[in-house]
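Please read the structure below before turning to the comments.
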Amino acid sequence: MPFVRIDLIRGRRPDELRAIADATHRALVSVLGIPERDRFQVVTEHDADHVIALDAGLGFARTDRLVMIQIFTQSGRTTEVRQRVFEAIAEQLEPLGVGGEDVFIGIVENGPQDWSFGFGRAQYTEGSLRVPSP
């Protein structure tokens, strides 16, 4: 059920974009135990001058291979699980030429009342879908 936004600097081939999306999803399936078909992603490319991502004072430089990932998911996951998500995504992206300095991830939590999967209905709160456990 996570909804994932992946933002990158323009210039990658379509197969590279898909590989990044696939790698991110594999990490979420592995760590969070979500079903394989529970996949909602948007991949957006930006001109280089439309992306600003410094190092927050950590002392490293980012490159044009930067991948920024925002994961919207149900609340309740522990700090340890979140850390495993971060690590798994970075590990999955490294073979694709994305170094650790270029992996920026944020997790945004919400509740079952915050989701509609279609038809203007809140399927979790209506009972059409089982609320996933964290």
Side-chain angles (χ1 to χ4, degrees):
M1 177 279 321
F3 172 51
V4 179
R5 297 191 56 90
I6 302 171
D7 292 276
L8 318 102
I9 294 172
R10 191 177 315 285
R12 291 182 168 94
R13 297 183 322 267
D15 62 311
E16 290 178 290
L17 297 174
R18 182 59 188 239
I20 289 168
D22 290 348
T24 301
H25 187 64
R26 275 194 309 274
L28 294 176
V29 168
S30 171
V31 175
L32 301 181
I34 63 171
E36 185 68 36
R37 290 189 50 83
D38 195 354
R39 186 171 181 173
F40 303 92
Q41 296 176 311
V42 175
V43 178
T44 306
E45 293 182 280
H46 305 274
D47 293 334
D49 59 346
H50 291 181
V51 177
I52 301 168
L54 302 179
D55 66 354
L58 295 170
F60 58 85
R62 300 191 193 273
T63 75
D64 64 352
R65 304 288 294 165
L66 175 67
V67 176
M68 300 178 87
I69 300 170
Q70 192 172 30
I71 302 166
F72 298 87
T73 189
Q74 295 279 344
S75 62
R77 296 204 167 82
T78 66
T79 299
E80 293 77 19
V81 167
R82 293 168 195 240
Q83 183 61 47
R84 287 200 323 265
V85 166
F86 300 151
E87 291 169 353
I89 291 173
E91 288 170 4
Q92 289 283 331
L93 292 178
E94 187 172 18
L96 303 177
V98 181
E101 71 277 8
D102 285 327
V103 180
F104 179 93
I105 306 167
I107 296 177
V108 179
E109 290 189 331
N110 52 44
Q113 71 278 6
D114 298 313
W115 295 90
S116 172
F117 291 89
F119 304 101
R121 295 176 39 223
Q123 287 85 357
Y124 287 142
T125 57
E126 291 177 349
S128 303
L129 284 175
R130 181 186 63 76
V131 176
S133 56

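Along the sequence shown, the residues carry numbers beginning at 1. Just so we're clear, the structure is a prediction, and the values are computed from it rather than from any experiment.
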Minimum heavy-atom separation for [X] and [Y], please, with both atom names.
X: Pro2; Y: Ile71; value: CB-CG2, 4.0 Å
X: Val42; Y: Thr44; value: CG1-OG1, 3.7 Å
X: Leu96; Y: Ala23; value: CD1-CB, 3.9 Å
X: Val108; Y: Gln70; value: CG2-NE2, 3.7 Å
X: Ala21; Y: Gln41; value: O-NE2, 3.0 Å
X: Pro112; Y: Val131; value: CB-CG2, 3.9 Å

Nearest 0.5 Å, what's the CD1-OG distance between Ile107 and Ser75?
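Going from the CD1 atom of Ile107 to the OG atom of Ser75 covers 12.5 Å.
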Any carboxylate oxygen within less than 4.0 angstrom of a Lys/Arg side-chain nitrogen, looking at Asp102 and Arg62?
no
With sequence neighbours excluded, residues passing salt bridge (charged side-chain N to carboxylate O under 4.0 Å, His left out) with Arg12:
none
Return the set of residues passing salt bridge (charged side-chain N to carboxylate O under 4.0 Å, His left out) with Arg84 (not counting sequence neighbours), or none when no residue passes.
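Salt bridge (charged side-chain N to carboxylate O under 4.0 Å, His left out) check on Arg84 returns nothing, list empty.
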Does CD in Glu94 sit with more than 12 non-hydrogen atoms of other residues, nucleotides or ligands closer than 6.0 Å?
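Check fails, neighbour count at 12 or below.
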Residues which pass side-chain contact (heavy atoms from CB on, under 4.5 Å) with Arg13, listed by chain and number, not counting sequence neighbours:
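Testing Arg13 for side-chain contact (heavy atoms from CB on, under 4.5 Å), a comparison that skips the adjacent residues, returns Asp15, Glu16.
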Atom pairs and distances, side-chain donor-acceptor, residues 48-57, under 3.5 Å, sequence neighbours left out:
{"from": "Asp55", "atom 1": "OD1", "to": "Gly57", "atom 2": "N", "distance (Å)": "2.9"}
{"from": "Asp55", "atom 1": "OD2", "to": "Gly59", "atom 2": "N", "distance (Å)": "2.7"}
{"from": "Asp55", "atom 1": "OD2", "to": "Phe60", "atom 2": "N", "distance (Å)": "3.1"}

Would you please classify the geometry between the Phe117 ring and the Phe40 ring as parallel, tilted or perpendicular, with 30° and 60° separating the classes?
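Phe40 and Phe117: tilted rings.
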Please say yes or no: joined through hydrophobic side-chain contacts below 4.5 Å, possibly via intermediate residues, are Leu17 and Ile9 part of one cluster?
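No; tracing contacts between hydrophobic side chains, which count when under 4.5 Å, never links both residues.
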Check for me, please, whether Val43 and Leu66 land in the same ILVMFWY cluster - side-chain distances under 4.5 Å, paths through other members count.
no
Can you list everything that forms a ring-ring contact (aromatic ring centres under 6.0 Å, His included) with Phe86? Sequence neighbours excluded, please.
none
Report the residues that fulfil ring-ring contact (aromatic ring centres under 6.0 Å, His included) with Phe3, sequence neighbours left out, ordered by chain and then residue number.
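Residues passing ring-ring contact (aromatic ring centres under 6.0 Å, His included) with Phe3: Phe72.
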For a 4.5 angstrom cut-off between non-hydrogen side-chain atoms, does [X] reach [Y]?
X: Leu93; Y: Ile69; value: yes
X: Arg5; Y: Met68; value: no
X: Leu8; Y: Val67; value: yes

Residues in side-chain hydrogen bond (donor to acceptor under 3.5 Å, both in side chains) contact with [X], at least two apart in sequence or another chain:
X: Glu101; answer: none
X: Arg18; answer: Asp22
X: Arg37; answer: none

Please write out which residues are connected to Phe119 in a hydrophobic cluster, directly or through intermediates, given that two of Ile, Leu, Val, Met, Phe, Trp, Tyr count as joined at side-chain heavy-atom separations below 4.5 angstrom.
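Phe119 clusters with nothing; isolated.
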Which atom pairs, donor and acceptor, lie under 3.5 Å between side-chain atoms of residues 26-35 and protein residues at least two apart or in another chain?
{"from": "Arg26", "atom 1": "NE", "to": "Gln92", "atom 2": "OE1", "distance (Å)": "2.8"}
{"from": "Arg26", "atom 1": "NH2", "to": "Gln92", "atom 2": "OE1", "distance (Å)": "2.9"}

Show the numbers, then the answer: is there a side-chain contact (heavy atoms from CB on, under 4.5 Å) between Arg77 and Val85?
CA-CA 10 Å; Arg77 296 204 167 82; Val85 166; 5.9 Å; no
CA sep, side-chain torsions, deciding dist, call: Asp7, Phe104, side-chain contact (heavy atoms from CB on, under 4.5 Å)
CA-CA 10 Å; Asp7 292 276; Phe104 179 93; over 6 Å; no
Under the salt bridge (Lys or Arg N to Asp or Glu O under 4.0 Å) definition, can you give me all pairs with a residue in residues 104-121, not counting sequence neighbours?
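Non-adjacent pairs meeting salt bridge (Lys or Arg N to Asp or Glu O under 4.0 Å): Arg82-Glu109, Arg121-Glu126.
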